[in-house]
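These notes concern the structure reproduced below.
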Amino acid sequence: MSEFTHEERRALSPFFTNVDEPVFGLKLPQEVAGALFSRYSRSARSLRRVFLDEFRGEAGVLPDGEATADGEALKKARDFYDRVLVGYGDDSVAQLGGAHLAVERVSNVTAQLLEDARIGIAFLEKSTRYVRFDQRDASGDFLWFREPSLMASRHRDAYVALMDRLFSAYAVQIDPMIAHIERGLPIESVAVRHPKTGEPLDFADVERDPDLLKAARRAYAATVRAHACDVMRSYLPAATLTNLGIFATGQAYEHLLNRLLTHPAEECRALAAAMRRELDQLIPSFVKRSARSPWQEDLRARAFAAAARTLPPGPASLSPVTLVDFDRDGEEKVLAALLYPHADLPLAEVRSFVRSMSPPERATLLASLASGRRNRRDKPPRALEEAAYSFDLVGNLGIYRDLHRHRLLSQERQTFTTSHGHDTPPEILEAGHGAVFEECMARAHDLHEAVKRDHPAEAPYVVPFAFRVRWYVTLNLREAVHLCELRSMPQGHPDYRLVVQEMWRRIEEVHPSLAPWGAFVNRDTYRLGRLQSEMRTEWRRAGSA
């Protein structure tokens, strides 16, 4: 029998996915849902009863049945946040609601600062692989950020000229690059597998099946285009405009706004103000405390001065992957953590027992426990978090952007610069564009050095994606398995595939008995590696599966 009367059921139905079952969804404004959850945690009543007793008020109903963002329920929720979140600092309350936000026409410099956020936040960004960057806006301009300080400085003309040169080279070369790749790797020469069975096929077999041939040609065209975009992104400067979609909890937005408001770059501070304006219309209670942090500003200045005073200048090693630190007893710790849930001993005694085993015994047991994974979606257990690794990485800005998106790890980068040199894609040389490319990179380097002396916070805008950046990551074995298996897949970018393959090789060197956990790290190299993935997509799209 339902705990609610007929009238109460009618009152509840617009706001919940069902009114009887123990599992149900909320169709409420985010602030109302968050406040309701918080009140519910301190009540013996059911959540729907709390809503009826304390939050129903005069909340209206939209035509599709969702609650309006006005009414007494929202007023009560915001009063609650003023009292609990602002008045008492109960940060956990700000984790109970969130908002979707679109951020458009921001530079890649600021996009990376946004994506530095890790907890309680998710991003999707405009892809340099699937979107061509030779388009212009309504004014006929290429899509790059007119950084105010640079546009008002003595470097204005050089900055504008460099941006135009980089984007013009991209625009002129992108179609010839597609044609060059098609000539070098014609569809008839590319390995094809059946999109449903995975069976290897000769192209003659493909040609005999009209549906398969159509899917293959469409997949090939998309793959070649993506590969060309991968190559040509080396021209794109960090000033390139991009678009992002964001979903975050209120707490994550507050921390993000604090960082942006404190950053020395004008674009970041202006973006923070714009985001705050929009979030004040969606979840004002959650972002009410966001503000510039003088302490963070002072810390940045003191750390910068300390580094300049105590650290020697370059040159430094440009090794792409350096394993700086790791748990010497990582194998023992992982095996102990695997056994611990199935024992009744303290962790220290489980570890002591594991240490008493011979290395071959430990290796055999670890291998047996790692066996049986069918694919990378069979996720390794939490025990792998017991072994940690720190890597110093050097790679072009394109590589960094792709690997930066992994947030279940600690990472920190140095400033985008031209001081580490750049990578020249071999396809650019093969297509006969090497002289233009090197001229563009030389101009970018010279302007960056000039801008850095006058406007150090704005100098990164000048740096093309081809230039190398240095960053470090500290991650546990569980995330290393995820990262290295995911980013070594055939459809991944060849540049970052080499980085993660080398990271896994270093892990295998120091912890060989943990290597079986990375069973799906791909060791191969590919040309047009996305073809099979695109084939499956086209096959499904055509309804042939």
Side-chain angles (χ1 to χ4, degrees), residues 91 106-121 147-150 238-239 251-273 289-319 321-326 388-397 399-401 403-421 448-463 467-475:
D91 284 350
V106 295
S107 75
N108 269 263
V109 173
T110 295
Q112 303 315 303
L113 291 167
L114 286 170
E115 293 180 353
D116 283 339
R118 295 181 297 166
I119 300 173
I121 193 163
E147 203 291 316
S149 297
L150 294 182
Q251 185 181 54
Y253 273 126
E254 179 189 322
H255 294 330
L256 177 58
L257 291 176
N258 293 347
R259 286 194 301 104
L260 293 175
L261 288 167
T262 306
H263 198 274
E266 182 176 339
E267 184 189 12
C268 293
R269 300 192 301 273
L271 178 61
R289 299 185 301 176
S290 60
R292 180 179 66 88
S293 170
W295 181 82
Q296 287 287 350
E297 289 178 334
D298 181 59
L299 175 61
R300 181 187 294 111
R302 287 185 286 114
F304 179 84
R309 185 173 63 251
T310 60
L311 297 178
S317 167
L318 291 179
S319 174
V321 177
T322 302
L323 179 59
V324 177
D325 192 20
F326 64 95
Y389 310 87
S390 291
F391 289 94
D392 190 66
L393 304 173
V394 179
N396 63 60
L397 181 49
I399 294 175
Y400 172 75
R401 289 174 72 257
L403 297 184
H404 178 224
R405 295 170 185 161
H406 297 266
R407 295 184 183 87
L408 294 181
L409 46 76
S410 297
Q411 58 178 305
E412 190 65 81
R413 68 174 172 275
Q414 296 176 353
T415 303
F416 297 156
T417 179
T418 62
S419 63
H420 301 312
H448 173 266
E449 291 302 300
V451 169
K452 186 170 64 173
R453 290 190 289 270
D454 300 335
H455 303 277
E458 289 74 29
Y461 288 92
V462 174
V463 180
F467 280 92
R468 303 183 190 112
V469 60
R470 184 185 296 277
W471 76 104
Y472 80 77
V473 298
T474 296
L475 72 173

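Only a predicted model underlies this, so the values are computations on that prediction, with no experimental measurement involved. Sequential numbering from 1 along the given sequence is applied to the chain's residues.
- With sequence neighbours excluded, no residue forms a salt bridge (charged side-chain N to carboxylate O under 4.0 Å, His left out) with R259.
- To the nearest 0.5 angstrom, T415 atom OG1 is 8.0 Å from F304 atom CZ.
- Side-chain contact check for Q411 versus D116: every heavy-atom pair is 4.5 Å or farther apart.
- L260 CG to E267 CD: the interatomic distance, rounded to the nearest 0.5 Å, is 9.5 Å.
- Looking only at atom types and distance, the side chain of Y400 has no donor-acceptor partner in the side chain of Q112 under 3.5 Å away.
- Y472 OH to D325 CG: the interatomic distance, rounded to the nearest 0.5 Å, is 12.0 Å.
- Evaluation of the salt bridge (charged side-chain N to carboxylate O under 4.0 Å, His left out) rule for R292 yields E297 as partners, not counting sequence neighbours.
- A donor-acceptor contact shorter than 3.5 Å is absent between the side chain of R470 and the backbone of D392.
- Taking CG from L257 and CZ from R289, the interatomic distance works out to 12.5 Å, rounded to the nearest 0.5 Å.
- Side-chain contact annotation: Q296 with T262, donor-acceptor N/O pair under 3.5 Å absent.
- Counting only residues at least two apart or in different chains, side chain to side chain donor-acceptor pair (under 3.5 Å) contacts with residues 300-310 comprise D298-R302.
- The two residues E458 and A265 have their closest heavy-atom pair at OE2-CA, 4.3 Å.
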Decide yes or no on side chain to side chain contact (heavy atoms under 4.5 Å, CB included) for Q414 and H420, but give the supporting numbers first. CA-CA 11 Å; Q414 296 176 353; H420 301 312; 4.0 Å; yes
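- Note that CD1 of I121 and CD of Q251 are 11.5 Å apart. Values are rounded to the nearest 0.5 Å.
- Atom CD1 of I119 has 12 or fewer neighbouring heavy atoms from other residues, nucleotides or ligands inside a 6.0 Å radius.
- Tested against C268, the residues T110, L114, L261 include a single side chain to side chain contact (heavy atoms under 4.5 Å, CB included) partner, T110.
- The main-chain N or O of L408 is never found under 3.5 Å from a side-chain atom of R118 such that the two would form a donor-acceptor pair.
- Closest approach of L397 to A238, counting heavy atoms only: CD2-CB, 4.2 Å.
- Scanning all heavy atoms of the two residues, the minimum distance from F467 to G421 falls at CD2-O, 3.3 Å.
- Between R407 and E115 the shortest heavy-atom distance is NE-O, 3.6 Å.
- In plain terms, the two heavy atoms of H448 and A459 that are nearest each other are CD2-O, 3.4 Å.
- Residues G395 and I399 share a closest heavy-atom pair of CA-CD1, 4.3 Å.
- L403 CG to L393 CG: the interatomic distance, rounded to the nearest 0.5 Å, is 7.5 Å.
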